[in-house]
Structure formats: structure tokens, C-alpha cells
Amino acid sequence: MKSESGFIYCDLRKLKVEIHKKNWQQLMIVFIIICSLVERILIGIGMPTFIIYIIDLLDCILLLELIRKRGWKKFSIFILLYTILIILGSLIALPNYLLWGGTPLFTIIELRNIIRFPVFFISCTFFLKESNIEYIYKILTYVFYINFFVILYQYFTF
């Protein structure tokens, strides 16, 4: 059985896996998706909680690559509108900031959450090809079915 997604080539009969170095951004996106799926499990079995910031570090690397390749130009209208919405939301929230118990640390954490998803979305649309997206979708479909049975087991045993 052969599987080729453009960045990973697998031949299961020979147990051979090749990773194409020129497409490291695509592989990084797959790794971000995998980390998103297993980070809470790893924390639950005793890994340190700072592993959730690995995804942010990888997003920063993808952002730097987008800036280097000028990939953001294609999405400049989206980025401008998103920035305007963030500024307007901040202006609305500013009068109640101290009343809600806001601190600079919480603000930084929330900005991290607000910024990382558009960076990941733009990275996916810029670096992934249609065949890569189909490959990722196929893998996520298998993960969904496995997760379904895990949830059933948890429901009936816990």
C-alpha cells in the first residue's frame, strides 16, 4: 500500500517512510495538528503543561516563513479586517478591563490565542496543496473513528 501526500511518502509493504526536506512547512503543519490532538492526553499522563506552547513556537516559525516568502500579501485584506476587529474589540473592552480583573499576563495569553489561529489558517492555505489537505483529512477521519470508540469506553466505564 503506497501513500503519497507530497511531503511524506509511505510504502507500508517495505516499511519505508521518506520525508521531503523542501516541504518542511507542510510537515510542520501536520505536526501542529498532531500536537493539538494529543497535547491534553500527554498533560494528563504527567507531561509538563508547557508543552502546549510548542504549537505557538511552531506557529511563530511558520509566521516568519510566511513573512520571508511574502505569503501574507495574498491575505492582506483578511489581515487588515482582522486587525480592525481586534482593535475595535480592545477599545470596547478597555473601559471594563480593570473591573473584570484584567492583568497584563492574561492580556498576553489572550492575544496569543487570538493571533495563532489566523496564522495557522494562512499558513495552511499558503503552504498546503490540495493533495496535502486530502491526506490530512483522511488521517483525521481515522482519528475521529478511533476517538469515537474511546469516548464510548469512557462513557460506560467512568
Side-chain angles (χ1 to χ4, degrees), residues 1-90 105-154:
M1 178 178 179
K2 290 184 179 179
S3 172
E4 188 166 352
S5 63
F7 53 93
I8 299 175
Y9 171 77
C10 298
D11 189 352
L12 298 179
R13 289 177 288 173
K14 298 178 184 177
L15 294 176
K16 182 179 177 183
V17 177
E18 294 177 11
I19 298 172
H20 300 242
K21 292 178 185 174
K22 66 179 182 177
N23 299 328
W24 63 270
Q25 301 94 344
Q26 297 168 351
L27 191 62
M28 189 175 293
I29 290 171
V30 170
F31 187 71
I32 288 172
I33 293 170
I34 291 170
C35 282
S36 298
L37 293 173
V38 299
E39 72 181 11
R40 296 298 170 181
I41 294 169
L42 294 175
I43 291 171
I45 61 173
M47 292 286 289
T49 57
F50 73 84
I51 64 171
I52 63 174
Y53 299 110
I54 291 173
I55 295 172
D56 296 333
L57 177 66
L58 297 176
D59 274 341
C60 289
I61 293 170
L62 285 174
L63 178 63
L64 292 174
E65 187 67 11
L66 277 171
I67 292 169
R68 189 178 74 78
K69 290 191 171 189
R70 303 207 187 285
W72 59 271
K73 285 187 174 185
K74 192 162 92 171
F75 305 98
S76 58
I77 293 174
F78 171 75
I79 294 170
L80 178 67
L81 289 174
Y82 195 74
T83 305
I84 289 171
L85 287 174
I86 288 176
I87 291 171
L88 287 175
S90 298
L105 178 65
F106 290 150
T107 304
I108 291 170
I109 290 172
E110 288 307 313
L111 283 176
R112 173 188 70 88
N113 284 331
I114 290 170
I115 293 172
R116 74 179 185 173
F117 296 113
V119 167
F120 183 71
F121 173 73
I122 292 171
S123 298
C124 287
T125 56
F126 186 75
F127 293 120
L128 294 180
K129 299 174 190 163
E130 187 175 346
S131 62
N132 304 130
I133 295 169
E134 290 171 359
Y135 180 75
I136 292 169
Y137 181 77
K138 190 166 114 178
I139 289 174
L140 289 177
T141 303
Y142 293 134
V143 169
F144 172 78
Y145 290 122
I146 292 168
N147 189 42
F148 174 75
F149 290 111
V150 170
I151 290 171
L152 281 177
Y153 172 75
Q154 287 178 337

Working to the nearest 0.5 angstrom, can you tell me the gap between [X] [atom1] and [Y] [atom2]?
| X | Y | atom1 | atom2 | value |
| --- | --- | --- | --- | --- |
| I146 | I151 | CD1 | CD1 | 12.0 Å |
| N23 | K129 | CG | NZ | 5.5 Å |
| L63 | R116 | CG | CZ | 14.0 Å |
| L85 | S90 | CG | OG | 10.5 Å |
| D59 | L64 | CG | CG | 11.0 Å |
| I139 | I136 | CD1 | CD1 | 7.0 Å |

May I ask you to test the [X]-[Y] pair for a side-chain heavy-atom distance under 4.5 Å?
| X | Y | value |
| --- | --- | --- |
| I79 | I122 | yes |
| L88 | I84 | yes |
| T125 | F75 | yes |

Exercise. Would you find a donor on one side and an acceptor on the other, under 3.5 Å apart, between the side chain of Q25 and the backbone of L62?
Worked result: no
Identify each donor-acceptor pair in which a side-chain atom of residues 40-53 lies under 3.5 Å from a protein atom, sequence neighbours left out, and give them as a table.
none

Taking all non-hydrogen atoms of both residues, which atom of [X] and which atom of [Y] are closest, and how far apart?
| X | Y | answer |
| --- | --- | --- |
| Y82 | I114 | OH-O, 2.6 Å |
| I29 | S123 | CD1-O, 3.6 Å |
| L58 | F31 | CD1-CD2, 3.3 Å |
| Q26 | F127 | NE2-O, 2.8 Å |

Problem set entry | Verdict with supporting geometry, N147 and L37, side-chain contact (heavy atoms from CB on, under 4.5 Å) | CA-CA 10 Å; N147 189 42; L37 293 173; over 6 Å; no
For this session: Using a cut-off of 6.0 Å, state whether more than 12 heavy atoms not belonging to E130 lie near its atom CD.
Result: no
Exercise. Any chance CZ of F78 has more than 12 other-residue heavy atoms, nucleotides or ligands included, within less than 6.0 Å?
Worked result: yes
Exercise. After noting the C-alpha distance and the side-chain angles of L140 and I33, does the key distance pass the side-chain contact (heavy atoms from CB on, under 4.5 Å) rule?
Worked result: CA-CA 9 Å; L140 289 177; I33 293 170; 3.9 Å; yes
